[in-house]
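Worksheet for the structure shown next.
The analysis underlying the following values was restricted to heavy atoms, covering all of them including side chains, and did not include hydrogens, waters or symmetry mates. Lettering of chains follows the sequences in order, A, B, ..., and the numbering in each one begins at 1.
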2 protein chains.
Amino acid sequence: MRYHRTDVVERAIEVLDTYGLADLSMRRLGQELGVQPSALYHHFANKQSLLAAIADEILRRGTRPGAPGAPLAEGAWDERCATICHDLRDAMLAYRDGAELVGTVMAFGLGATQPYDELAAALAGSGLPEELRPIAVRTLLHFVLGHTLDEQTHLQAGSAGAIGDGPREGSDFGVGLGLILDGIRSRSEHPRTTPAPPR
Amino acid sequence: MRYHRTDVVERAIEVLDTYGLADLSMRRLGQELGVQPSALYHHFANKQSLLAAIADEILRRGTRPGAPGAPLAEGAWDERCATICHDLRDAMLAYRDGAELVGTVMAFGLGATQPYDELAAALAGSGLPEELRPIAVRTLLHFVLGHTLDEQTHLQAGSAGAIGDGPREGSDFGVGLGLILDGIRSRSEHPRTTPAPPR
DNA sequence: ACCTGAACACCGTTCAAGT
DNA sequence: ACCTGAACACCGTTCAAGT
């Protein structure tokens with residue numbers, strides 16, 4: 001059998017979802033495809049590149065279609081931010097270890113820049129001073145990545161019969177997100193000259 | 001030579017700071033101590049336990065002494081939160097890959113609970129409704145961990161002569177932190193019945 | 001209490017060579 | 001363009017045995 005890049009990514013996602021990130025090795029993936037591990041290096045320069053491609057695909061699958069180039073969410077800036085953050089969370093929760101994978105890839109700046117750009121566009125519609133927007137975007141992303149990683153870790157740890165965690169964590173996410181959006185809103189309405197708190 | 005648990009942790013921190021987290025293997029650490037890798041399993045059940053002990057020690061070293069049991073920071077609740085967050089950031093930045101290590105350990109809930117408890121205590125002095133405090137604490141921690149990981153990754157990547165990143169990132173941290181504290185303050189002064197934003 | 005020595009079951013990556 | 005086969009330099013962990 002001969003494979004394309006996309007075949008490898010697709011199979012890798014299946015392995016990830018079935019066996020977890022720790023078991024997603026180049027050797028294991030090769031075995032799963034019926035191919036030598038070294039064959040994968042024809043499609044990807046190294047494992048990190050493969051992981052970046054997987055992260056991109058997971059985020060792509062979690063994105064609502066929508067006209068390309070069109071605004072990615074409707075409504076007020078805060079509603080658009082909330083939608084983007086919820087979609088990102090949902091995309092990561094859709095696959096086992098999705099948050100850990102996407103978080104690692106984003107931390108090393110290897111791709112998955114789509115959410116960043118979408119949030120920056122949404123925040124352009126707020127009154128937030130332009131120079132604060134990048135840090136606001138990053139603050140939102142750190143929240144979503146960190147919270148979802150926590151959530152997924154605990155969900156998976158207690159997967160043997162734990163109940164009631166879904167709703168609790170779900171509303172928790174909205175509350176934390178609302179807290180940050182409130183902070184952005186207060187800076188949008190009352191810009192300050194000295195924004196940093198004292199040490 | 002015969003070692004204690006604390007000797008192993010101390011040497012591990014030196015290896016971490018000199019060669020990075022990726023090179024901190026049980027075999028490498030054994031070699032550095034002049035001991036078989038298997039000897040380390042007399043002191044730690046597994047590598048994760050060792051990493052948790054290292055994270056605890058890094059945080060302990062970054063903590064200002066202060067009387068045990070006494071309030072860990074003086075002043076208003078927001079100043080105390082800011083101090084705790086800055087100290088946590090500084091502690092992680094003090095060692096190579098410190099943020100990645102502490103972040104991993106905290107994500108798996110293995111220890112390093114000190115910052116959580118300190119922030120919870122500081123927030124008890126705000127007007128924030130009690131049920132919102134845990135999510136506020138976690139939101140602050142996710143910000144500090146995520147931002148510092150970003151910062152350290154980029155600082156280390158451009159360590160060959162990059163200039164001016166320190167101050168920029170430093171103020172960035174304060175701004176993002178101020179954003180979240182503003183959000184907490186707005187909820188403290190104007191509690192809501194429906195805190196979550198719409199999807 | 002602390003360590004050795006040997007083994008088990010793995011890794012990512014490279015590279016000449018094949019079709 | 002895609003893959004094989006073999007090799008290199010590693011991993012974490014276990015376990016009987018030593019002092």
Taking atom P of D/dA1 as reference, at what distance in whole Å does atom NE2 of A/His4 sit? 11 Å
side-chain hydrogen bond (donor to acceptor under 3.5 Å, both in side chains) with A/Arg133: which residues, sequence neighbours excluded? none
Is the shortest side-chain N/O distance from A/Gln36 to OP1 or OP2 of D/dG5 below 4.0 Å? yes
Sequence-distant partners of A/Thr153, side-chain hydrogen bond (donor to acceptor under 3.5 Å, both in side chains), two or more places apart: none
Residues that B/Pro129 engages under side-chain contact (heavy atoms from CB on, under 4.5 Å), provided they are two or more places apart: B/Glu131, B/Leu132, B/Pro191
How would you list, by chain and number, every residue that makes a side-chain contact (heavy atoms from CB on, under 4.5 Å) with A/Ser126, sequence neighbours excluded? A/Trp77, A/Leu123, A/Leu128, A/Ser188
B/Gln31 CD to C/dC3 C1', in whole Å, measures 17 Å
Can a donor-acceptor pair be found, under 3.5 Å and without considering hydrogens, that links the side chain of A/His86 to the backbone of A/Ala82? yes
So, using side-chain hydrogen bond (donor to acceptor under 3.5 Å, both in side chains) as the criterion, who are the partners of A/Glu14 when residues are at least two apart? A/Arg11
Separation of the C1' atoms in D/dC2 and C/dC15, to the nearest angstrom: 15 Å
Short question: side chain of A/Tyr19, backbone of A/Arg28 - any donor-acceptor pair under 3.5 Å? no
From B/Leu141 CG over to A/His147 NE2, what is the distance, rounded to the nearest 0.5 angstrom? 13.0 Å
Would you indicate whether the side-chain heavy atoms of A/Leu140 and A/Ile184 approach each other to under 4.5 Å? yes
I'd like the C1' distance from D/dC8 over to C/dC10, given in whole Å. 15 Å
For DNA chain D, what are the stems built from at least three Watson-Crick or G-U pairs in a row, each pair having both distances below 3.5 Å? C:4-8 with D:12-16, C:12-16 with D:4-8
Given D/dT13, D/dC3, C/dC2, which nucleotide is nearest the side-chain atoms of A/Tyr3? D/dC3
Show me, pair by pair, the donor-acceptor contacts under 3.5 angstrom made by side chains of residues 94-105 of chain A, not counting sequence neighbours?
| residue | atom | partner | partner atom | Å |
| --- | --- | --- | --- | --- |
| A/Tyr95 | OH | A/Arg61 | NH1 | 3.1 |
| A/Arg96 | NH2 | A/Thr18 | O | 2.9 |
| A/Asp97 | OD1 | A/Gln156 | NE2 | 3.1 |
| A/Asp97 | OD2 | A/Leu21 | N | 2.7 |
| A/Thr104 | OG1 | A/Glu100 | O | 2.7 |

Under the rule for side-chain hydrogen bond (donor to acceptor under 3.5 Å, both in side chains), what residues qualify as partners of B/Asp150, not counting sequence neighbours? A/His142
Integer-rounded Å distance: D/dC3 C1' and A/Met1 CE: 14 Å
Hydrophobic clusters here meaning ILVMFWY residues chained together by side-chain heavy-atom distances under 4.5 Å, can you tell me if A/Leu110 and A/Val8 are in one? yes
Interface with DNA chain D, restricted to residues 38-53 of chain B and to heavy atoms under 4.0 Å: B/Ser38, B/Tyr41, B/Asn46, B/Lys47
Among pairs that include at least one residue of residues 21-46 of chain B, which meet ring pair (Phe, Tyr, Trp, His ring centres under 6.0 Å), considering only residues two or more places apart or in two chains? none
Below 3.5 Å is the cut-off: list the nitrogen or oxygen pairs between protein and nucleotides 16-19 of chain D, distance only.
none

Sorted by number, the residues of residues 13-30 of chain B with heavy-atom contact under 4.0 Å to DNA chain D: B/Ser25, B/Met26, B/Arg27
